[in-house]
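Throughout, a chain's letter reflects where its sequence line sits, starting with A, and its residues are numbered from 1.
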There are 4 protein chains.
Amino acid sequence: MEHMIRTDLALEARESFPEDDIEIRGVELIEEYDEENRIRVSTVIIKDERGAKAMQKPIGTYITIEAPELSEADEDYHQPVADVIAKNLIKLAGDLKKDEVLIVGLGNREVTPDALGPQVVDNLFITRHLIREYGNEFRIRNKLGNVSAISPGVMAQTGMETSEIIKGIVEETHPKLIIVIDALASRSINRLNTTVQLTDTGISPGSGVGNNRKALNEESPGTKVIALGVPTVVDAVTIVADTLSQYMEKTGFSENEINQFISEIRNQHMHNMFVTPKNIDEAVKRISYTVSEALNSCFAQTV
Amino acid sequence: MEHMIRTDLALEARESFPEDDIEIRGVELIEEYDEENRIRVSTVIIKDERGAKAMQKPIGTYITIEAPELSEADEDYHQPVADVIAKNLIKLAGDLKKDEVLIVGLGNREVTPDALGPQVVDNLFITRHLIREYGNEFRIRNKLGNVSAISPGVMAQTGMETSEIIKGIVEETHPKLIIVIDALASRSINRLNTTVQLTDTGISPGSGVGNNRKALNEESPGTKVIALGVPTVVDAVTIVADTLSQYMEKTGFSENEINQFISEIRNQHMHNMFVTPKNIDEAVKRISYTVSEALNSCFAQTV
Amino acid sequence: MEHMIRTDLALEARESFPEDDIEIRGVELIEEYDEENRIRVSTVIIKDERGAKAMQKPIGTYITIEAPELSEADEDYHQPVADVIAKNLIKLAGDLKKDEVLIVGLGNREVTPDALGPQVVDNLFITRHLIREYGNEFRIRNKLGNVSAISPGVMAQTGMETSEIIKGIVEETHPKLIIVIDALASRSINRLNTTVQLTDTGISPGSGVGNNRKALNEESPGTKVIALGVPTVVDAVTIVADTLSQYMEKTGFSENEINQFISEIRNQHMHNMFVTPKNIDEAVKRISYTVSEALNSCFAQTV
Amino acid sequence: MEHMIRTDLALEARESFPEDDIEIRGVELIEEYDEENRIRVSTVIIKDERGAKAMQKPIGTYITIEAPELSEADEDYHQPVADVIAKNLIKLAGDLKKDEVLIVGLGNREVTPDALGPQVVDNLFITRHLIREYGNEFRIRNKLGNVSAISPGVMAQTGMETSEIIKGIVEETHPKLIIVIDALASRSINRLNTTVQLTDTGISPGSGVGNNRKALNEESPGTKVIALGVPTVVDAVTIVADTLSQYMEKTGFSENEINQFISEIRNQHMHNMFVTPKNIDEAVKRISYTVSEALNSCFAQTV
């Protein structure tokens, strides 16, 4: 059933293998756990084409940060999570951290679970124009990084592929590193608003809320692209299909029968539907604060 | 399985009876269909306690307007739908139409499918303060109705029951008619953003997005309450349970077995989740225009 | 020209006396200055009717906190300012701090300088409904205060006096202390977004952005009212009149001539205009964070 | 004092000439008046360098539509104004009307009087992606124009010049016509929210709310640019300087003395301040509806 999986999370792609304990060749998995803060960091490195094929994801590094209280109101928890995100962002960014960075908030500001990207951008400390106006002296004195940002909106709002917009801006402003923030679709309800995924592979067409993304990666705008995603929705077909197939397997149906039933569901108007929690507004607000704090500490300040 | 149904729509409650073609005693159903505009109006009148028990809804009139293009961009369709809503609102309002009307936009402005009420209120023509400032002469000359409105927010934002807030305001400002606008939960995906329900029974605790409503009806603030609701979400448990039970029935499971399985789903973190379409922002925006136009033509103008 | 002054700040009312150094009878002034954080706290106590008449403000305590960097991006400055606001709020609240508190965000969410109140409320930690649901045990274990809140909107949006709405809610929910947050009009551009005024006298009709406030104080809803205001606008007539009269005084015109000229200005469409800085969005966003942090630390936590 | 004038309106630039009745060479003025709807259309054509120098505006056509009730709630007035805007847009667009059009909403969504551009874009009917997905057949059958749009935000939000962003997008998506929507600064309070200016000269650095615009015209992105602007603010220095100099002239001061005094004002923190009406939220909302209706009828439909 792998071909049915609608997930943007590398970790979930990996979990879906039935023989979970056997190492997939070409894929490396490293796990760390911070017990005090209950933060788990799983790094999946897809090393070659074999791994890429098995995982159905491009070659690269996928870091998943699981923080069960990510979206809760606890102020004290907020800072350690932001620190872990920042630390792992720096791992992926390397020396580009100090260079010109463009941060892109993907998604639709008007649809709550898809507003994560725009809300993160709203809270960023933007410096590129200051440096251009006041010069390098000013930059050094204030220990500023060079950050620009944009929330381009989604195709239904602009009539343009987001990748067209970003490529155009990149050609004009020449950032050395692009950070793309996006709301993702996970397969499991448990991952919603508790997980941050970082990758250095850019974005490939996926099943996020908007669903109409063209690739945005090193080849296409010609600049390194790091994607930071947080699952905020589950695809409605996925949730129904998962529950159902879990049940059907129990009761002894063949995979064929299960798949056929799932195709039927897909045709019942459910294919453009998503599932999200009732308190999604608070979750997105809190997570966007934490993420923007991580980004500000990484890129807006050079210390 | 009726006790599992999560729907705010009287029409759906009625449909869930297995013997659909047999008349339920104490319940009357009138149907009209406007072929040109593809608008169907179904009026369910619950006449007595027997009907109320059968339908699990209070005694009163429930008007359901089904307009398949309600949320689409077609400007020409917008006006006839607004007219049908207005005509049916007037049926329920009677002579109170000309009196002081308080319009309440329930729901959470920050959660897109729950923002219908606040967005309707944003587009209302508010006149009460003008009449108080410029007097009755001014009112007559400009043919104004007397409209006040509020979007109180949801309990997670205020810490108060919406019914407490409304009762307090009613006691202070003495409207003769309250119109409550709310986003509803339907059972079926097909009803989402295509249906308007009007009732003169006020609001009883339901399964809307917010889910924490105390009753708001004639007894409680002591004023006639008309509720106008539009289903914008389906409860996630409902959608999974419906799909599943539909399947299980086909394959010969007992109702007992089905119900047990559904309880399991309810416990799998799915009980605070809702399902909504990806373009919910456009749908809510358009529907709220149509509804506020209907309300403005009903209550802000006396002609 | 005192009768021409459009200011909501007690400090400015006092400053407008020509003989500034002479003590006004019935009015006491205490000043503190925190040099490290550049925060000045001026407490004006209007002790009796004589003072009230001289200051044209009701009897009570007016605390003005001047913090020049209040609206700037400096994270490190944010906390000491929030602490000073909290400390002075507690002075005015006394033992009521631990009781049921209703926080009201006045103003129009859609007009940036007037959105301060609603934005503060958006960031509050609301607890009243939690305590009602989970009981006193829960409250004590989590050291929670009892906070409810509302942003009722302005009269042009609701058709109702804000005081009507608040009175109704107070009668229904019985808070022991009301904190009213509002954007104010100052006389001087220098005070904009750098000043917080706290008073225990409630709100009297003033010249804020909305300008249509009825009194809201201990007498009217029958509960202690503390007002927290931040000047975000200057009235356009005031700014023109002040500049002009300053000039005219220099060049030897009589007060009569000056006043006549100012009346002319008032009639030139300028009476419904306000002046505000171009970066008012950032200023209001930052100040609202600081204020809501002060309120959360005062009232949402009992430690 | 011409060099002191802060206005984005060609009409006001022209009015500032003392010898108003004498024809400026190189400049042509045509006036039309629709008495029934009280709409005045003034067309200023700057024909050559001489006219450009006199008017301090580039060569081109400037159409000013004055509609005193532009921002009022009257539904019946809304349509004729939209029609006049559309008619004059078509005059400037010529055959490009049927070609690919990019509509840019300049300004800061978070500052009410500067939100006009973004709010217009929010109400546009976007078609480019539909045509790309469903093909030319679909386009012809539905009589669609080809419209894309973006609200890039202001430099303080993005760190980039808006012109950089637009140039990049234009190079990537190749529109044949760009329509730029912007909130303007007028000199006179009477023009606020009552005037629409259309030009085919693009945008040159001006004194709008944001104030940090680089040129955006035919030369720079290499595509025809039509600018549609509505004055929603007056610069605070301008309003004070105008009132003051009007007074000083009356009382016999020299231009030198006046200019000196005005420089002083400019230094008194007033240079980053703007003046706007208290009901600016309603004005911007209504005007943006009217403007987006004009744009939709011009460009989204080919009939």
Side-chain angles (χ1 to χ4, degrees), chain A residues 100-105 108-110 118-134 139 144-175 210-214 216 220-222 299-300, chain D residues 100-105 108-110 118-134 139 144-175 210-214 216 220-222 299-300:
Chain A
E100 298 185 32
V101 179
L102 170 65
I103 301 178
V104 180
N108 182 346
R109 184 184 286 282
E110 303 301 325
Q119 286 192 19
V120 166
V121 165
D122 286 351
N123 290 310
L124 291 177
F125 182 30
I126 304 298
T127 59
R128 180 177 179 268
H129 61 303
L130 300 175
I131 293 166
R132 286 163 74 96
E133 189 171 351
Y134 301 111
R139 175 186 177 152
L144 295 181
N146 187 318
V147 177
S148 57
I150 194 161
S151 301
V154 296
M155 203 163 69
Q157 296 169 320
T158 64
M160 301 178 275
E161 297 280 354
T162 305
S163 56
E164 292 179 298
I165 298 172
I166 301 309
K167 275 181 224 173
I169 291 173
V170 168
E171 272 156 38
E172 206 63 33
T173 66
H174 312 294
N211 203 17
N212 42 33
R213 306 182 300 186
K214 280 272 170 71
L216 201 62
S220 145
F299 301 113
Chain D
E100 298 185 33
V101 178
L102 170 65
I103 301 178
V104 181
N108 182 347
R109 184 184 286 282
E110 303 300 325
Q119 286 192 20
V120 167
V121 165
D122 286 351
N123 290 311
L124 291 177
F125 181 29
I126 304 298
T127 59
R128 180 178 179 269
H129 61 303
L130 300 175
I131 293 166
R132 286 163 75 96
E133 191 172 349
Y134 301 111
R139 175 187 178 151
L144 295 181
N146 188 319
V147 177
S148 56
I150 194 159
S151 302
V154 296
M155 203 162 71
Q157 295 170 321
T158 65
M160 301 178 275
E161 297 281 354
T162 304
S163 56
E164 293 179 297
I165 297 172
I166 301 309
K167 274 181 224 173
I169 291 172
V170 168
E171 272 156 36
E172 206 63 34
T173 65
H174 311 295
N211 203 16
N212 43 33
R213 307 182 299 187
K214 280 271 170 73
L216 200 62
S220 146
F299 300 113

Open item on the list: As a quick check of understanding, evaluate side chain to side chain contact (heavy atoms under 4.5 Å, CB included) for D/M160 and A/H129, giving each step before the final call.
Closed with: CA-CA 6 Å; D/M160 301 178 275; A/H129 61 303; over 6 Å; no

Open item on the list: A/I150 vs A/I166, test: side chain to side chain contact (heavy atoms under 4.5 Å, CB included). Steps then yes/no.
Closed with: CA-CA 9 Å; A/I150 194 161; A/I166 301 309; 4.2 Å; yes

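A/T158 has its side chain out of reach of A/V154: every pair of non-hydrogen atoms, C-beta onward, lies at least 4.5 Å apart. With a 4.5 Å cut-off on side-chain heavy atoms, D/P118 and D/V120 do not count as touching.
Contact of D/T127 with chain A is not made at all, since no heavy-atom distance falls under 4.5 Å. For A/L102, the part lying near chain D is the side chain, with the backbone staying farther off; criterion is any non-hydrogen pair under 4.5 Å. For A/E164, the parts sitting under 4.5 Å from any heavy atom of chain D are the backbone and the side chain alike.
Ranked by heavy-atom pairs under 4.5 Å with chain A, the list D/T173, D/D122, D/L124 is led by D/T173. In terms of heavy-atom pairs under 4.5 Å with chain D, the best-connected choice from A/G153, A/G159, A/S151, A/S148 is A/G159. Chain D forms more heavy-atom pairs under 4.5 Å with one residue of A/Q157, A/E110, A/E172 than with any other, namely A/E172.
With hydrogens and angles ignored, the 3.5 Å screen pairs a side-chain donor or acceptor of D/R139 with a backbone N or O of D/L144.
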